[in-house]
Amino acid sequence: MKIGIDAITFDVAKIHLPIKTLAKTRNIDPEKLEKGLGLLKMTLPDTHQDTVVFGANALTKLIIDQAIDLKDVARIYVGTESAIDSSKPISSFLVALMEEEFGENSLSECDVVDFTFACIGGVDAMQNCIDFVTLNPTKKAIVVATDFAKYDLNSTGEYTQGAGALAMLITSDPRIIAFENNWATSTKGVFDFFKPYRTISKTAITGNETNEAWFENLESEIEIHKDQPVFDGQYSNQCYMDRTRDAYFSFKKLKNTTETVYDSWKSIVMHLPYAFQGRRMLSEIYALDGSNTTISGNEDAIEYQNKLKETSKSDAYKTFVTEKLMPAEIASSLIGNLYTGSIFMGLLSTLAHHYDTKKEISGTTFGFLAYGSGSKSKVFEGTIQPNWKSAMTSIHLFETLEKSFEIDFEAYEKLHKKEQKMSVQVPKSEWTLDHIETENPNLLGARYYKWAE
Ligand SMILES: CC(=O)CC(=O)SCCNC(=O)CCNC(=O)[C@H](O)C(C)(C)COP(=O)(O)OP(=O)(O)OC[C@H]1O[C@@H](n2cnc3c(N)ncnc32)[C@H](O)[C@@H]1OP(=O)(O)O
């Protein structure tokens with residue numbers, strides 16, 4: 001029995017800052033960002049948008065476009081690392097909004113939960129849903145991956161920001177892609193990128209040593225939540241390379257093959273925190289699993305790195321990248337990082353590219369290399385199904401991204417610093433964050449959403 005993705009929808013932030021504008025203001029060589037990292041635009045949420053809004057928009061579109069009867073949906077599992085509450089999951093908000101739109105109690109028997117493991121939570125959610133549908137082939141599950149990749153101003157992550165969501169319908173006999181039951185994992189607990197609870201001492205804020213109540217906070221430490229991560233960029237790259245390499249070779253063992261696995265993949269879809277991360281990180285796997293590898297494993301660290309650099313600059317590797325990785329990069333260049341959604345956006349970008357260029361990819365196998373900081377990689381593969389094109393007719397990925405609204409640097413900084421109070425663009429036919437409760441003590445911080453006609 002085949003299980004996989006039957007339909008995909010997306011909702012990406014509709015405003016963007018051109019990378020050239022950021023490069024100019026930050027005094028960075030634009031060529032480094034455009035040609036070195038593959039960045040063109042970075043999207044960011046408007047004042048009325050958050051991760052619930054993106055997820056709800058993608059999900060509403062999926063339900064309407066695919067005429068899904070919610071009685072058939074047994075699970076809505078969300079992948080996110082941008083939760084807006086430490087207890088109430090985004091999936092709980094989504095249920096409320098979907099019931100508002102599609103009828104009271106229409107999802108009352110649906111199991112919902114959020115999965116958090118940095119950027120790999122969406123893949124974890126999907127693997128779980130696939131297992132569920134394998135056991136219950138008449139049922140359907142939906143995976144939503146929603147995130148806001150926000151980095152500190154002036155940090156090395158600043159040019160990799162992005163925001164949006166994807167929703168995927170998981171069924172038996174899927175139209176788009178069916179996954180094989182080989183999932184290889186590599187895990188190691190590290191601090192490459194994380195979003196810790198932080199504190200500031202009350203004394204530092206009030207200048208007062210006596211721990212007097214401060215806006216009803218009785219603790220001497222004031223807790224701070226930030227969307228921006230603590231991270232070490234180059235170390236996170238090393239963790240990404242180590243985990244994906246180990247998961248790849250575990251996958252090879254699972255398949256019990258001595259052949260070069262990536263040769264059997266028409267396209268390779270990786271987690272893309274920025275467009276060229278995959279091509280920059282994959283050269284090691286390319287060299288190690290290649291039939292004519294020049295790497296023996298006995299080199300010292302410097303020689304090993306030099307050989308990898310040589311490999312990554314070779315014509316053969318460039319051709320490999322153009323054939324197998326480039327289609328997934330196109331959307332990433334125009335969006336930025338979607339954290340949990342990035343790998344699925346890479347899949348959608350690949351499908352849209354082949355659809356728009358009229359390439360037949362039915363029956364070909366795609367390889368997936370997922371990564372989440374902290375850290376974990378999963379490697380798996382799937383086969384494109386004969387009816388994949390019928391699931392692409394309503395997608396319009398690149399046309400939609402083309403319509404993104406350009407903002408200037410001043411507007412970007414105001415949004416980043418939360419100084420912008422009014423929407424930059426008037427919302428239309430989409431969910432919006434209406435207000436956050438500030439008075440009622442039993443509902444303090446409750447977030448309310450509404451549909452903008
Ligand atoms: C966060 C997640 O989503 C989870 C993860 O994946 S973790 C792994 C990724 N980590 C992150 O995304 C964390 C946030 N990002 C960062 O810290 C940084 O953006 C980064 C570490 C990813 C990149 O760091 P950086 O210091 O800006 O770039 P750097 O590593 O020097 O690479 C610049 C590239 O541009 C190239 N370049 C520089 N100037 C150039 C020019 N004028 N023309 C063309 N290319 C140029 C360099 O040669 C280099 O490419 P190669 O190594 O492939 O040759």
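All heavy atoms count here, side chains included; hydrogens, waters and symmetry mates do not.
The pair Glu360-Lys389 meets the salt-bridge criterion, with a side-chain N (NZ, NE, NH1 or NH2) lying under 4.0 Å from an Asp/Glu carboxylate O. Salt bridge Asp50/Arg447: present, at least one basic N to carboxylate O contact under 4.0 Å. Looking at Glu430 and Lys14, a side-chain N of the basic residue comes within less than 4.0 Å of a carboxylate O on the acidic one, giving a salt bridge.
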Give the C-alpha distance, both sets of side-chain angles, the deciding distance and a yes or no for side chain to side chain contact (heavy atoms under 4.5 Å, CB included) between Ile90 and Phe54. CA-CA 11 Å; Ile90 287 178; Phe54 293 126; over 6 Å; no

Worked verdict on Leu44 versus Ile407 for side chain to side chain contact (heavy atoms under 4.5 Å, CB included): CA-CA 10 Å; Leu44 61 152; Ile407 56 170; 4.0 Å; yes

Evaluate the criterion side chain to side chain contact (heavy atoms under 4.5 Å, CB included) for residue pair Met281 and Tyr371; output intermediate values, then yes/no. CA-CA 11 Å; Met281 300 298 123; Tyr371 178 72; over 6 Å; no

Would you check, one step at a time, whether the test side chain to side chain contact (heavy atoms under 4.5 Å, CB included) holds for Phe366 with Lys266? CA-CA 6 Å; Phe366 281 21; Lys266 164 85 180 160; 4.1 Å; yes

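Screening Gln277, His353, Arg279 against Glu329 for a side-chain hydrogen bond (donor to acceptor under 3.5 Å, both in side chains) leaves a single residue, Arg279. Of the options Lys417, His16, Gln161, Gln420, a side-chain hydrogen bond (donor to acceptor under 3.5 Å, both in side chains) to Tyr412 is made by Gln161 and by none of the others. When each of Lys309, Glu299, Glu284 is tested with Tyr304 by the rule side-chain hydrogen bond (donor to acceptor under 3.5 Å, both in side chains), just one qualifies, namely Glu284. None of Thr365, Ile361, Thr350 except one satisfies the side-chain contact (heavy atoms from CB on, under 4.5 Å) rule with Ile384; the exception is Ile361.
Checking side-chain atoms of Tyr317 against main-chain N and O of Ser283 turns up a donor-acceptor pair under 3.5 Å. Looking only at distances, a side-chain donor or acceptor of Asp289 sits under 3.5 Å from a matching main-chain atom of Val261. Side-chain N or O atoms of Ser373 include none that pairs as donor or acceptor with a backbone N or O of Phe193 at under 3.5 Å. Formation of a donor-acceptor pair under 3.5 Å by the Asp6 side chain with backbone atoms of Arg175 is found in this model. Of the possible polar contacts, none joining the Asp46 side chain to the Gln49 backbone as a donor-acceptor pair under 3.5 Å is found. Not one N or O on the side chain of Thr293 forms a donor-acceptor pair closer than 3.5 Å with the backbone of Gly290. No donor-acceptor pair under 3.5 Å is formed between the side chain of Ser82 and the backbone N or O of Asp147. Judged by distance alone, the side chain of Glu158 and the main-chain N or O of Asn154 form a donor-acceptor pair under 3.5 Å. Not one N or O on the side chain of Thr146 forms a donor-acceptor pair closer than 3.5 Å with the backbone of Ala165. In this structure, Arg75 contributes its side chain and Asp111 its backbone to no donor-acceptor pair below 3.5 Å.
Glu419 CD: more than 12 foreign heavy atoms inside a 6.0 Å radius. In this structure, Lys88 places its NZ atom where more than 12 heavy-atom neighbours from other residues, nucleotides or ligands lie under 6.0 Å away. Heavy atoms from other residues, nucleotides or ligands lying under 6.0 Å from CD of Glu259 number 12 at most. Within a 6.0 Å sphere centred on CG of Asn256, other residues, nucleotides and ligands contribute 12 heavy atoms or fewer. Other residues, nucleotides and ligands contribute over 12 non-hydrogen atoms within 6.0 Å of the CG atom of Asp29. Residue Lys307 places its NZ atom among more than 12 non-hydrogen atoms of other residues, nucleotides or ligands, all under 6.0 Å distant. Within a 6.0 Å sphere centred on CD of Glu399, heavy atoms belonging to other residues, nucleotides or ligands number more than 12. No more than 12 heavy atoms of other residues, nucleotides or ligands lie within 6.0 Å of CD1 in Ile302, so this atom counts as exposed by the packing criterion.
Side-chain atoms of Lys378 and Gln127 form a donor-acceptor pair, as typed in the model, at a separation below 3.5 Å. Side-chain polar atoms of Thr340 and Glu81 form no donor-acceptor pair below 3.5 angstrom. If you check the side chains of Gln228 and Asp152, you find a donor sitting under 3.5 Å from an acceptor. Side-chain atoms of Arg280 and Tyr240 form no donor-acceptor pair, as typed in the model, at a separation below 3.5 Å. Looking only at atom types and distance, the side chain of Asp114 has no donor-acceptor partner in the side chain of Thr80 under 3.5 Å away.
The line from CG of Asp242 to OG of Ser375 is 8.5 Å long, rounded to the nearest 0.5 Å. Expressed to the nearest 0.5 Å, how far CG of Leu17 lies from OG1 of Thr25 amounts to 7.0 Å. Of the inter-residue distances, the one linking Thr160 atom OG1 with Leu39 atom CG reads 7.5 Å to the nearest 0.5 angstrom. Atoms CD1 and CG, on Ile8 and Leu347 in that order, are 4.5 Å from each other to the nearest 0.5 Å. With rounding to the nearest 0.5 Å, the separation of OG in Ser349 from CD1 in Ile335 is 8.0 Å.
Across all their heavy atoms, Tyr151 and Asn337 have their closest contact at OH-ND2, 4.0 Å. The shortest heavy-atom contact between Asp65 and Ser394 is OD2-OG, 3.9 Å. The nearest pair of heavy atoms linking Ser333 to Ala275 is OG-CB, 3.3 Å. When all heavy atoms of Pro137 and Ser172 are compared, the pair lying nearest together is O-OG, 2.7 Å. In this structure, Gly382 and Phe368 approach most closely via the heavy-atom pair N-CE1, 4.2 Å. The heavy-atom pair separating Ala352 from Phe398 by the smallest distance is CB-CE1, 3.6 Å.
Applying the salt bridge (charged side-chain N to carboxylate O under 4.0 Å, His left out) test to Lys188 and every residue at least two apart in sequence or in another chain returns nothing. Applying the salt bridge (charged side-chain N to carboxylate O under 4.0 Å, His left out) rule to Lys140 yields no partners; only residues at least two apart in sequence or on another chain are considered. Take Phe194 and apply the ring-ring contact (aromatic ring centres under 6.0 Å, His included) test, not counting sequence neighbours, and it matches Phe191.
Annotation: side chain of Leu59 is not in contact with side chain of Leu97 (no heavy-atom distance under 4.5 Å). Within the 4.5 Å cutoff, side-chain heavy atoms of Thr383 are placed close to those of Gln385. At a threshold of 4.5 Å between non-hydrogen side-chain atoms, the residues Glu381 and Lys255 count as touching.
Within the cation-pi definition used here (under 6.0 Å to the ring centroid, within 45° of the axis), Lys61 does not qualify as a partner of Phe10.
For Tyr248 and Phe251, the distance between ring centers is not under 6.0 angstrom. Ring centers of Phe132 and Tyr77: at least 6.0 Å apart, outside the cut-off.
Relative orientation of the Tyr286 and Phe320 rings is tilted, given thresholds of 30° and 60° on the angle between their planes.
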